[in-house]
**Q** 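This structure is in structure tokens; I'll ask about it shortly.
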Amino acid sequence: MGERAGNDHRSLIKQVLDDGAGPARSALAASWRRSMTLYGLDPESQGQVATLTEGQLRAAREAMEPVTQAAQGVLDRLFLAVGDAGCCVLLCDASGVPVERRGMASDDDTFHRWGLWPGAVWSEAVEGTNGIGTALAEKRAVTIHRDQHFHARNIGLSCSSHPIYDHLGRLAGALDVSSCRADQTEAMLGLITAAVADAARAIESQAFRKAFSEARIVLAGDVAERNTAALLAVDRDDLVVGATRAARLALSITDERIAGQLAASEVLGGGSIEADLLEAERGAVRRALALNNGNVSAAARGLGVSRATLHRKLHRLGLAGAAH
């Protein structure tokens with residue numbers, strides 16, 4: 001490493017050490033302290049990034065498959081946006097292991113040497129402060145720029161990472177964009193950070209929709225205006241059967257509440273939301289009638305209800321004239 005970079009790195013080490021037993025003053029300081037005291041890592045270590053065996057990587061990929069399948073298009077679009085800036089895109093599991101990657105072929109040798117490759121282990125416990133591992137440890141988006149990395153061997157990297165949650169609201173992994181170019185500026189990192197956040201939310205939404213493909217997906221009211229990943233899955237009885245982590249946090253939804261037959265109207269409020277649900281039900285009935293040329297018996301079978309139940313719905317929804 002260059003003399004200036006080395007001095008900066010040692011200064012940061014001293015700053016965190018001098019912070020002593022008091023509370024850490026930033027997420028970065030907290031991560032550095034964990035790296036030193038909890039994991040017992042040496043910032044000057046020159047060892048190589050740990051790597052899984054082929055069998056271990058195959059198992060990690062299989063476990064991550066639902067998220068990976070949902071992420072394919074998003075990863076491609078994100079790479080189109082950042083690839084020309086000398087960045088690679090990594091989708092990692094909850095252990096900090098990249099299971100999917102996008103990168104320029106001309107940069108492959110360089111990124112492989114740095115360990116930005118499927119099978120490398122970037123957990124904070126192994127690599128100390130780094131974008132992937134610290135995002136997973138903090139459960140929030142982080143950007144680790146050059147000498148903010150704990151290990152001196154990683155100070156040439158700039159990494160922006162965002163945690164990803166599965167359809168049950170559990171931490172599934174992290175999305176990362178990394179660069180090893182010396183000319184990567186903090187301004188550019190800001191733009192990349194925003195792109196990574198948008199992509200992570202898109203992956204969560206895609207995975208959620210795939211997991212609850214038989215349910216109606218409802219945006220979580222005003223929350224969805226601030227977070228496009230705030231989604232609910234609602235069954236034909238208007239009961240919540242699934243919720244993304246964003247929706248769970250915003251609407252205080254738990255697995256226990258879902259198991260207890262949580263009504264969508266209970267968490268979304270009445271009024272316009274109930275009207276939306278009614279309109280959704282009306283749409284489902286109209287589609288069933290259209291597919292069966294207005295035949296009530298056939299439409300009822302398609303909807304999984306009795307003919308008598310469908311007749312009641314038709315009258316309640318003002319659709320009696322559309323059936324025969």
**Q** Can you tell which of E127, H149, R146, Q148 makes a side chain to side chain donor-acceptor pair (under 3.5 Å) with N154?
**A**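 By the side chain to side chain donor-acceptor pair (under 3.5 Å) criterion, N154 pairs with just one of E127, H149, R146, Q148: E127.
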**Q** Closer than 3.5 angstrom, by distance alone: can the side chain of R248 be matched with the main-chain N or O of A243 as a donor-acceptor pair?
**A** yes
**Q** Are L80 and V89 connected into the same hydrophobic cluster when the rule is that any two of I, L, V, M, F, W, Y join if their side-chain heavy atoms are below 4.5 Å apart?
**A** no
**Q** Kindly say whether V97 contributes a backbone atom to a donor-acceptor pair with the side chain of S95 at under 3.5 angstrom?
**A**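 Side chain of S95 to backbone of V97, a donor-acceptor pair under 3.5 Å: no, none is there.
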**Q** Is the backbone N or O of I132 less than 3.5 Å from a side-chain atom of S161, with the two atoms forming a donor-acceptor pair by type?
**A** yes
**Q** Please list all pairs passing the salt bridge (charged side-chain N to carboxylate O under 4.0 Å, His left out) test where one or both residues lie in residues 48-62, with sequence neighbours left out.
**A** none
**Q** Between D198 and R77, does the salt bridge (charged side-chain N to carboxylate O under 4.0 Å, His left out) criterion hold? Intermediate values first, please.
**A** CA-CA 11 Å; D198 287 343; R77 291 190 294 273; over 6 Å; no
**Q** Are the side chain of R257 and the backbone N or O of S252 linked by a donor-acceptor pair below 3.5 Å?
**A**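 Checking the backbone N and O of S252 against the side chain of R257, a donor-acceptor pair under 3.5 Å is found.
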**Q** Is the backbone of L231 close enough, under 3.5 Å, to the side chain of T244 for a donor and an acceptor to pair up by distance?
**A** yes
**Q** Is there side-chain contact between D108 and W117, with at least one heavy-atom pair below 4.5 Å?
**A**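 Result yes, sub-4.5 Å side-chain heavy-atom pair found.
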**Q** Are R102 and Q72 close enough that a side-chain donor and a side-chain acceptor fall under 3.5 Å?
**A**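 The criterion, which ignores hydrogens and geometry beyond distance, is satisfied for Q72 and R102.
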**Q** Can E124 and S31 be counted as having a side-chain donor-acceptor contact under 3.5 angstrom?
**A**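 The criterion, which ignores hydrogens and geometry beyond distance, is satisfied for S31 and E124.
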